[in-house]
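Because only heavy atoms are used, hydrogens play no part in the values below, and waters and symmetry mates are left out as well, while side chains stay in. Here the structure is a predicted model, which is why all the values come from computation and not from measurement. Throughout, a chain's letter reflects where its sequence line sits, starting with A, and its residues are numbered from 1.
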Number of protein chains: 2
Amino acid sequence: MAQPHELRERGLRLTPQRELVLAAVRELDHATPEEIAEKVRQTHPGINLSTAYRNLETLENVGLVQHSHLGHGGASYHASEEVAHLHLVCGTCGSVGDAPIEVASSFVNELSEDYGFRTDVSHFAVYGTCSTCSQKELE
Amino acid sequence: MAQPHELRERGLRLTPQRELVLAAVRELDHATPEEIAEKVRQTHPGINLSTAYRNLETLENVGLVQHSHLGHGGASYHASEEVAHLHLVCGTCGSVGDAPIEVASSFVNELSEDYGFRTDVSHFAVYGTCSTCSQKELE
DNA sequence: CTGAATCTGCGAATCATTCGCAAGTGGTCT
DNA sequence: AGACCACTTGCGAATGATTCGCAGATTCAG
Ligand SMILES: [Mn+2]
Ligand SMILES: [Mn+2]
Ligand SMILES: [Zn+2]
Ligand SMILES: [Zn+2]
């Protein structure tokens with residue numbers, strides 16, 4: 001018995017564009033739709049940007065990819081199987097650091113207990129000032 | 001000794017548009033540039049949307065207003081003197097709830113101690129699923 | 001009161017994302 | 001293999017949000 005393809009078993013048609021978009025999301029990390037389309041073009045030069053957008057939305061609907069917001073602008077996409085982590089975005093220098101989600105577990109628990117709110121800490125970045133920029137402020 | 005106007009003492013010229021934009025930010029809470037311009041039009045019908053954008057940027061530069069991101073889209077502005085609080089945004093129903101920033105204090109401390117990162121927890125919303133939507137999922 | 005620097009209104013330009021539609025393709029059922 | 005139809009794609013246009021360029025108006029120091 002042919003083992004169903006991961007896209008087919010979610011009710012999606014298998015098109016080269018769709019497979020390549022998914023592969024690009026997996027290779028690149030936190031990539032924008034534009035960057036993903038650019039990556040796909042290495043293999044499939046004709047892909048249209050709107051096809052990338054449409055497939056990202058479709059893939060997100062079936063849970064294979066997710067988006068998050070790392071800056072003030074548009075979203076970036078990552079594969080769902082990727083290990084979740086926090087993004088520490090510095091508003092001064094723009095750097096993006098990582099931290100394990102465990103750092104937020106007590107915060108998440110408190111919101112859950114006090115407000116019944118189930119938090120996805122990695123959907124939005126954590127905004128602030130990085131240590132480097134904090135030190136420069138003292139000068 | 002004439003006591004300098006809050007805008008003048010920050011090196012800004014005093015224009016009716018600028019004062020009205022600041023007043024609108026203070027009256028409305030978490031308003032978009034569009035909503036702020038709309039509010040200003042009640043008093044000064046001629047104000048242009050781009051003037052609202054420019055003044056919001058200017059007022060933010062001198063620290064009188066700040067912006068935050070409550071959804072996937074554009075920013076919203078609030079007065080700096082306003083009491084900071086968390087925004088709990090539900091990705092399912094879109095509701096925006098509030099919570100005191102103290103809920104995040106241990107999280108903020110941990111990021112500070114472990115990464116030297118000074119977090120502004122209210123710049124980005126806290127994303128997740130509200131209690132109402134969580135319960136509906138169980139059905 | 002004057003002049004230079006700063007602001008404003010207006011329309012056009014950008015940028016990101018979404019749409020409409022006609023042509024192309026994938027999966028299913030003979 | 002062949003036919004059919006729903007799903008996809010490419011393309012260009014439409015949107016919506018924000019930014020720019022510029023010429024005329026305003027603010028404020030001198
Ligand atoms: Mn921001
Ligand atoms: Mn989002
Ligand atoms: Zn920094
Ligand atoms: Zn909800």
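In this structure, A/E57 atom CD and D/dC7 atom P are separated by 15 Å, rounded to whole Å. Between the CG atom of B/L20 and the P atom of C/dC7 there is a distance of 16 Å, rounded to whole Å. We find that NE2 of B/H69 is positioned 10 Å from P of D/dT18, with the value rounded to whole Å. The interatomic distance linking B/I47 (CD1) with D/dA25 (P) rounds to 18 Å, in whole Å. Here C/dA12 presents its P atom at 19 Å from OH of B/Y53, a figure rounded to the nearest Å. The NE2-P distance, from A/H72 to C/dA16, rounds to 16 Å in whole Å. As a whole-Å value, the separation of B/N48 CG from D/dG21 P is 16 Å. Summarising the geometry, the separation between CD on B/E19 and C1' on D/dT26 is reported as 14 Å, rounded to the nearest angstrom.
Nearer to the 5' terminus of DNA chain D, by closest-nucleotide assignment, is the contact made by B/S50 (compared with the other of B/S50 and B/R8). With the nearest nucleotide of DNA chain C identified for both A/E34 and B/L12, B/L12 has the one nearer the 5' end.
With hydrophobic clusters built from ILVMFWY side chains whose heavy atoms lie under 4.5 angstrom apart, B/L49 does not share a cluster with B/V65.
Using a 4.0 Å heavy-atom cutoff across all strands shown, B/R18 reaches sugar-phosphate atoms only and no base atom. B/H44 comes within 4.0 angstrom of sugar-phosphate atoms only, judged by non-hydrogen atoms across all strands, and of no base. Residue B/G73 is out of contact with every strand shown, counting any heavy-atom pair closer than 4.0 Å. Using a 4.0 Å heavy-atom distance criterion, A/T32 is classed as making no nucleic acid contact.
Between the side chain of B/R54 and the base of C/dG9, a donor-acceptor pair under 3.5 Å is found. With hydrogens and angles ignored, no donor-acceptor pair under 3.5 angstrom links the side chain of A/T15 to the base of D/dC7. No donor-acceptor contact under 3.5 Å links the side chain of B/R13 to the base of C/dC7.
Side-chain atoms of A/S122 and A/S68, non-hydrogen and from C-beta on, never get closer than 4.5 Å to each other.
Checking the phosphate oxygens (OP1, OP2) of D/dT9, a side-chain nitrogen or oxygen of A/N55 falls inside 4.0 Å. A close approach under 4.0 Å does occur between a side-chain nitrogen or oxygen of B/Q17 and OP1 or OP2 of C/dG9.
Residues A/H78 and A/H67 place their aromatic rings such that the two centres sit no closer than 6.0 Å.
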### Task
Apply salt bridge (Lys or Arg N to Asp or Glu O under 4.0 Å) to the pair B/R26 and B/E6, showing each step before the final yes or no.
CA-CA 14 Å; B/R26 285 173 172 162; B/E6 63 181 332; 2.9 Å; yes
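A perpendicular orientation is assigned to the rings of B/H72 and A/F124, their planes being inclined by more than 60° (bins at 30° and 60°).
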